Amino acid sequence: MSEVSVNGIVKRFGTTRALDEVSFDAGAGITGLLGPNGAGKTTLLRVLATVMSPSSGEVRIFGRNPASPSDRLQIRRRLGYMPQEPGFHRNFTVFEFVDYVAILKEMTDRKARHVEVSRVLHTVGLRKVESRKIKALSGGMRRRVALAQALLGEPELLILDEPTAGLDPEQRLRFRETMSHLGEDRAIILSTHQTEDVAALCPRVIVMNHGTALFSGSPRELAEVARGSVWLSSERAPEARLSYRTGEGRYRNIGPAPGDADLIDPTVEDGYLMLLGDEAFVEAA
Amino acid sequence: MTWHAPIHALRDYESGAIDPTQQLSIEAHLTSCVSCRSNLAALVDKGVLERTWNAIAAETATPAPGMIERLLLVLGIADHSARLVAATPSLRRSWLLAVTTVLALGVLVANEADGGYVFFLALAPMLPLAGIAAAYGPGIDPTYEIGIAAPMRSFRLLLIRAMAVLISTVALAGIAALFLPGLDWEAAAWLLPSLALAATCLALSTVVPPLRAAVIVAGTWMTVITAAAWSASTEVSARSVFGAQLQIAVVIVGIGAGLVLTARREELETGEHQ
């Protein structure tokens, strides 16, 4: 049985359908949600985190129904959630803040709770700044504090909304290392704008746009969507939907390739752009 | 020739199955021998080391609690409840100072202006209301969304914070009431309305966010008091506006609000209506 099972869920806000008949299953390992702003990723993650209910359709987490109060409590005891814009009590120190969330996670024994707080701060590499006030931290460090609180209690399901936003390249690599360890024995669902994160971390990716799931498969399969549509040329190709000069001085073109094109292997990013169609090419250009 | 501790001796040392003399000898050697320290490190269970360091760090890194938290601990409140209360935005020093200032102004008006006494009695119940509005909810509590997804019941968190706000504000209003002109039962005529308004705000918070609930309740309260003052057959006074009729009415409203809150408490457990 998959940790997460979503079947035809719809979420309406007034007349807007933020989620429109989304279905998928996610088990152990990392599942990446990829999509542009407003695609419905955050709404989907909030539904999975039991923060909101779908307008229709069925959600099961660990086989339980989050609409039932007793099931919801059981789900929350096994869940770690990092929202897209986590708020902080800015006057708390890093340790105090994570300790506060540990209390919300029903860890009432002071000693055991403090050991757990130290453990998660160690996992995200924040032990050295644990006595520092949160308001004095950089944006990247705050994201790590948000990740630390999600790891409290070793949850079996981690839901992370844009966890790599605002991280510098080194922090992003460290994040990938942490995630790859954590993903070995639990389900992680994360959303991102970064196709590199998906390619590096996720055995499974779901591409969303306008509230629907356009694609579900492996990063390799996503890249294959652009097979035969990526080529190099010495001049900018006018027929390409997107064309840019690479560091080596040649043009990398994406779009319907001419017959004599020097085709190359597509990347996850190419597949993603092809999948989203004209809208994505306009954005990228 | 350099002596090194044999592996079996290091293993015995690591497990604690070694006599005190040998233990001292190995410890003295380890302080000066990198090679044996390295051999010993390889024998030590990494999990034990990590757990030990985490426990040490947890003890040494625990910061001293803030003023409000310390006060609650002295009063015998459990440390986890004290931390929940300390995170209440409307229990910050600046908030308490603002409440004190408003109450001081209310006392001044009550002593100096015609109808000032009624003004104080109408004002005092709105302060806990404002405190509750600023204690919990989206846009108010920065950890609201994390809290909703956590197993601790939001109903419990809201009640803990509302109680803390209510107690602190009522205590301040009680002190302020001591400075009202003429100390009799009228000086406490704000107390039951305070409790009823707080309960009504909590009940309404199961339908709309606490901030909006507080605005609705405060608006209704002011309308009721203004109407009562207008319809007073005699001179507008504490007795004519805040008399037995109003006190009985607010008790009924408060009990009703408590029942609604209990019946609808599950609505607070998702961020849906918030």
Side-chain angles (χ1 to χ4, degrees), chain A residues 46 48-53 66-67 69 72-97 99-122 127 130-131 146 149-150 152-153 159 161, chain B residues 47 49-69 73 78-89 91-94 138-157 160 265-274:
Chain A
R46 295 185 83 212
L48 297 181
T50 74
V51 171
M52 60 168 56
S53 319
R72 189 167 57 225
L73 179 63
Q74 295 305 320
I75 292 167
R76 286 176 177 174
R77 285 182 172 150
R78 300 162 70 183
L79 177 83
Y81 174 49
M82 175 182 171
Q84 187 178 28
E85 289 172 12
F88 301 98
H89 293 288
R90 291 162 64 84
N91 279 321
F92 274 174
T93 64
V94 170
F95 192 96
E96 281 173 325
F97 174 76
D99 189 46
Y100 170 75
V101 180
I103 294 167
L104 296 179
K105 290 194 168 186
E106 299 180 318
M107 297 177 198
T108 50
D109 180 85
R110 183 173 179 271
K111 202 167 180 181
R113 190 175 75 235
H114 286 183
V115 171
E116 177 62 2
V117 171
S118 285
R119 184 190 70 79
V120 296
L121 290 177
H122 174 72
R127 278 270 279 273
E130 64 192 3
S131 305
Q149 64 77 27
L152 285 164
I159 294 173
D161 199 352
Chain B
L49 266 185
E50 195 177 320
R51 283 192 294 279
T52 307
W53 276 117
N54 283 341
I56 292 169
E59 284 302 315
T60 54
T62 309
M67 185 193 74
I68 290 173
E69 208 170 330
L73 292 172
D79 83 296
H80 51 92
S81 298
R83 175 64 51 87
L84 293 175
V85 172
T88 308
L91 282 179
R92 290 197 192 117
R93 235 176 292 185
S94 54
I140 298 288
D141 183 351
T143 52
Y144 174 73
E145 190 157 335
I146 288 173
I148 282 281
M152 183 178 175
R153 291 177 64 78
S154 299
F155 175 64
R156 184 173 165 229
L157 182 59
I160 287 175
R265 64 186 182 280
E266 205 56 47
E267 297 299 318
L268 293 165
E269 302 307 322
T270 67
E272 203 63 45
H273 73 276
Q274 309 281 353

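Remember, predicted model here, so these are calculated numbers, not experimental data. Letters A, B, ... mirror the listed sequences (proteins, then strands); counts begin at 1.
Side chains of Arg113(A) and Arg83(B) form no contact here, defined as non-hydrogen atoms less than 4.5 Å apart.
Atom CG of residue Asp79(B) and atom CG of residue Asp99(A) lie 7.5 Å apart, to the nearest 0.5 angstrom. The distance from atom CD1 of Ile146(B) to atom CZ of Phe97(A), rounded to the nearest 0.5 Å, is 4.5 Å. Interatomic distance, CD of Gln149(A) versus OG1 of Thr143(B), reported as 9.0 Å (0.5 Å rounding).
Of the two parts of Val51(A), the backbone and the side chain both hold a non-hydrogen atom closer than 4.5 Å to a non-hydrogen atom of chain B. Contacts between Arg78(A) and chain B at a heavy-atom distance below 4.5 Å are absent for every atom of the residue. Contacts between Glu85(A) and chain B at a heavy-atom distance below 4.5 Å are absent for every atom of the residue. For Tyr100(A), the parts sitting under 4.5 Å from any heavy atom of chain B are the backbone and the side chain alike.
Of the listed residues Glu269(B), Arg156(B), His80(B), Arg153(B), the one with more heavy-atom pairs under 4.5 angstrom with chain A than any other is His80(B). Between chain B and the options Leu79(A), Thr108(A), Thr50(A), heavy-atom pairs under 4.5 Å are most frequent for Thr108(A).
Nearest heavy atom pair, residue Pro151(B) against residue Arg76(A), reads CD-O, 3.7 Å. Annotation for Ala87(B) and Phe92(A): closest pair CB-CZ, 3.8 Å, computed over non-hydrogen atoms. Considering all non-hydrogen atoms of both residues, Ala49(A) and Ala149(B) come closest at O-CB, 3.6 Å.
With sequence neighbours excluded, no residue satisfies ring pair (Phe, Tyr, Trp, His ring centres under 6.0 Å) with Tyr81(A).
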